[in-house]
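What you are looking at is a predicted structure, and each value in this text was computed from that prediction instead of being measured.
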Amino acid sequence: MSFQKPDSFQKLDDLNRRLEAFSHALSILGVDEAVSMAVGGGEARAESMAALAGMQHRQASAPEIADWIDAAEREDLDDEQQAAVREFKRQYINLTCLPAEFVEKQMRTRMRSEQLWRDLRAKNDWASFEPALDGVIQLVREEAAMRADVLKLDTYDALLEQYDPGTRAATIAPVFDDLKTFLVDFVPRALSVQEEKRAKHPLKALSGSYPIERQRELGLAMMQAVGFDLTHGSLSVSHHPFCGGVPTDVRITTRYKTTEFLSSLMGVLHETGHALYEQNLPKAWAHWPLGKARGMAVHESQSLFVEKQLGRNPAFWAWALPVVEKHLGEDWAIDDILPHVHHVERGLIRVDADEVTYPLHIILRFEMEQDLLAGRLQTRDIPEAWDARMQDTLGLSTIDSPGDGPMQDVHWPAGMLGYFPSYSLGAMMAAQQWATIAKDMPDIEDDLAAGRFERVNDWRRDNIWSQGSRWSTPELMQRATGSALDATHFKRHLEQRYG
């Protein structure tokens, strides 16, 4: 006898299948736009994607859905079905916090701001950009107030909830304060250690001749080795590396320089980390929010785990170096490649930062976002505030180059306040996950040195990937590692590698 799903749960299940079909189409259209679409196709593509997104939003926020949720909560559901309804309800409430007219107004304001930003960043023209950004920030303040009212959260927490469910500023702030204090002292120490090493063992220059096709073959070999399923994904080229598509058809991209290969390879490993998460999410719940990845910090933890905890681990390079030599034809010792893999440098640009200096870029933005949202900082005062914080933490000034300062990222022009913490939270989560694995499997680096990633992936599949969105971000970390997130593991990781 076949199992009959309760009526209202069945309605939600059918709805989720329809919504998933929209998501699938939008995702593949978005990837195609970034990778393959001719420039002249942009306007029509934007229209078709906007129409599909509108249809999806109307179906996903229909008022009768609230009744289905209420009825489903009273039905005889098993644990997984209850979790599925719980997570769907959370998403429905977040989706219906904002009136449709406000969403449309915000979308128009953000798009104009982003388009202006693309033009004015290269010109270092803060004065012309400031009014557009101020309009975006005013609307973010309105959005945060509306969300906070419905969700019963502080305003910044209401924004954080959109990217990392369950994560709160009061929990992040002390962790970031601790990390900032450590890094302000540690960055000079790491640079000094690097200088001493290079005095004894001068940096060996890379040959600077790396054909794209060979780099591509190397990337594919590395992807497959660490667990990527090439029957359910692919590697392409785009302006900025990303991971997109859907779990059954994951599209990852990179970009190549023929003068060096590490930035492309590390980009491939990073995006493969995202892809492994997507490919291993619970398939039975793929069309429900329950079967999706648990927020941006957890997603970043999976990409940074592959890029940093594996891809920059000396044991990994004991295995990887012969693979690199096979594809790129160079004969290096591990002591020649590691100084390139572990290079540390103070810099203005977040996306170019190494793993030692990177968190300082994030903490600066986290602190300023809270001030902007609370009205303690006004848009016109951003360049001076940014410069003061950069000087305090990295000893660098951006006062004469806003393009390298507050105009360098797309996030604020696009209204994405609350997103930045995910990057450094992800790095800390990755370090804590690796520390747990290393404690449970003391010989795990022998696996890396032999190119065996099965045990590492089994742990991640059991503790992270298969859980989907069943738990909040803090609960997931507690269950996976046995303790709440703290900076200790990340600090220890940096000291061991760079100290």
Side-chain angles (χ1 to χ4, degrees), residues 117-118 121-124 179-180 183-184 186-188 190-191 194-195 198 203 205-206 208 210 215 219 237-243 252-274 296 300 303-304 306-309 311-312 337-366 368 383 386-387 389-414 416 419-427 430 490 494 497-498:
W117 168 78
R118 285 194 195 101
R121 183 197 167 190
K123 299 173 183 171
N124 258 327
L179 187 57
K180 181 180 175 181
L183 286 172
V184 168
F186 184 72
V187 170
L191 288 166
Q194 179 172 268
E195 208 174 306
R198 296 209 177 152
L203 191 67
L206 303 175
Y210 305 107
Q215 289 192 62
V237 175
S238 67
H239 181 66
H240 187 88
F242 68 86
C243 174
I252 75 172
T253 71
T254 189
R255 57 187 172 196
Y256 298 102
K257 297 177 189 170
T258 54
T259 52
E260 60 93 14
F261 73 93
L262 274 172
S263 63
S264 168
L265 180 59
M266 288 302 167
V268 167
L269 289 171
H270 181 95
E271 301 308 335
T272 300
H274 283 305
M296 289 317 301
E300 284 301 324
S303 59
L304 292 168
V306 175
E307 182 199 347
K308 311 287 192 191
Q309 299 302 322
R312 296 185 194 269
I337 194 68
L338 285 180
H340 291 281
V341 174
H342 294 160
H343 178 69
V344 180
E345 184 179 355
R346 287 189 180 97
L348 297 173
I349 305 299
R350 173 187 66 85
V351 295
D352 295 336
D354 53 83
E355 64 178 326
V356 178
T357 58
Y358 188 94
L360 291 170
H361 292 267
I362 297 303
I363 293 166
L364 175 151
R365 289 155 173 78
F366 170 67
M368 287 184 69
W386 186 289
D387 181 68
R389 288 170 190 269
M390 278 298 280
Q391 299 225 41
D392 283 349
T393 53
L394 284 166
L396 301 171
S397 177
T398 57
I399 199 66
D400 296 322
S401 58
D404 291 334
M407 290 178 77
Q408 68 179 268
D409 296 305
V410 73
H411 301 62
W412 290 355
M416 294 164 65
Y419 187 106
F420 278 119
S422 303
Y423 293 118
S424 281
L425 291 172
F490 185 63
L494 293 181
R497 190 170 284 178
Y498 301 95

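With sequence neighbours left out, Arg255 forms a salt bridge (charged side-chain N to carboxylate O under 4.0 Å, His left out) with no residue at all. Considering only residues two or more places apart in sequence or on other chains, Thr393 meets the side-chain hydrogen bond (donor to acceptor under 3.5 Å, both in side chains) condition with none of them. With sequence neighbours left out, the side-chain hydrogen bond (donor to acceptor under 3.5 Å, both in side chains) criterion links Asp354 to Thr357. The salt bridge (charged side-chain N to carboxylate O under 4.0 Å, His left out) check on Glu300 picks up nothing, with sequence neighbours excluded. Here Arg350 pairs with Tyr358, Asp409 under the side-chain hydrogen bond (donor to acceptor under 3.5 Å, both in side chains) rule; sequence neighbours left out. Applying the ring-ring contact (aromatic ring centres under 6.0 Å, His included) test to His274 and every residue at least two apart in sequence or in another chain returns His270, His299. Arg346 pairs by the salt bridge (charged side-chain N to carboxylate O under 4.0 Å, His left out) definition with nothing, not counting sequence neighbours. Qualifying ring-ring contact (aromatic ring centres under 6.0 Å, His included) partners for Phe490, counting only residues two or more places apart in sequence or in other chains: none. Taking the ring-ring contact (aromatic ring centres under 6.0 Å, His included) definition, one finds that Tyr419 meets it with Tyr163, His411, Tyr423, sequence neighbours left out. Checked against salt bridge (charged side-chain N to carboxylate O under 4.0 Å, His left out), Arg312 has the following partners two or more places apart in sequence or in another chain: Glu307. For the side-chain hydrogen bond (donor to acceptor under 3.5 Å, both in side chains) test, no residue two or more places apart in sequence or in another chain qualifies with Lys257.
Listed by first then second residue, pairs satisfying side chain to side chain donor-acceptor pair (under 3.5 Å) with a partner in residues 395-404 read Asp387-Ser397, not counting sequence neighbours.
Rounding to the nearest 0.5 Å gives a distance of 7.0 Å between CH2 of Trp412 and CZ of Arg365. The distance from the CD atom of Gln194 to the OH atom of Tyr498 is 9.5 Å, given to the nearest 0.5 Å. Residue His361 holds its NE2 atom at 5.0 Å from CG of Leu394, rounded to the nearest 0.5 Å. Interatomic distance, Ile362 CD1 to Leu179 CG, rounded to the nearest 0.5 Å: 11.0 Å. The CH2 atom of Trp117 lies 9.5 Å from the CD atom of Gln408; values are rounded to the nearest 0.5 Å. Going from atom NE2 of His340 over to atom CZ of Phe261 covers 8.5 Å, rounded to the nearest 0.5 Å.
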When you look at Glu271 and Thr254, which way does the side chain to side chain contact (heavy atoms under 4.5 Å, CB included) test go after all the steps?
CA-CA 8 Å; Glu271 301 308 335; Thr254 189; over 6 Å; no
Begin with the C-alpha distance, continue with both residues' side-chain angles, and end with the deciding distance and a verdict on side chain to side chain contact (heavy atoms under 4.5 Å, CB included) for Gln309 and Leu304.
CA-CA 7 Å; Gln309 299 302 322; Leu304 292 168; over 6 Å; no
Hey, mind stepping through Asp392 and Leu364 against side chain to side chain contact (heavy atoms under 4.5 Å, CB included) and telling me if it holds?
CA-CA 10 Å; Asp392 283 349; Leu364 175 151; over 6 Å; no
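A pairwise comparison of heavy atoms in Ser264 and Gln215 identifies CB-OE1, 3.7 Å as the closest pair. For the pair Leu269 and Gly311, the tightest heavy-atom approach, listed with the atom from each and the gap, is CD1-CA, 4.1 Å. Between Pro339 and Leu203, the shortest heavy-atom contact is CB-CD1, 3.5 Å. Contact detail for Pro406 and Pro383: the closest heavy-atom pair is CG-CA, 4.2 Å. Across all non-hydrogen atoms, the minimal contact from Thr253 to Ser238 is OG1-OG, 2.6 Å.
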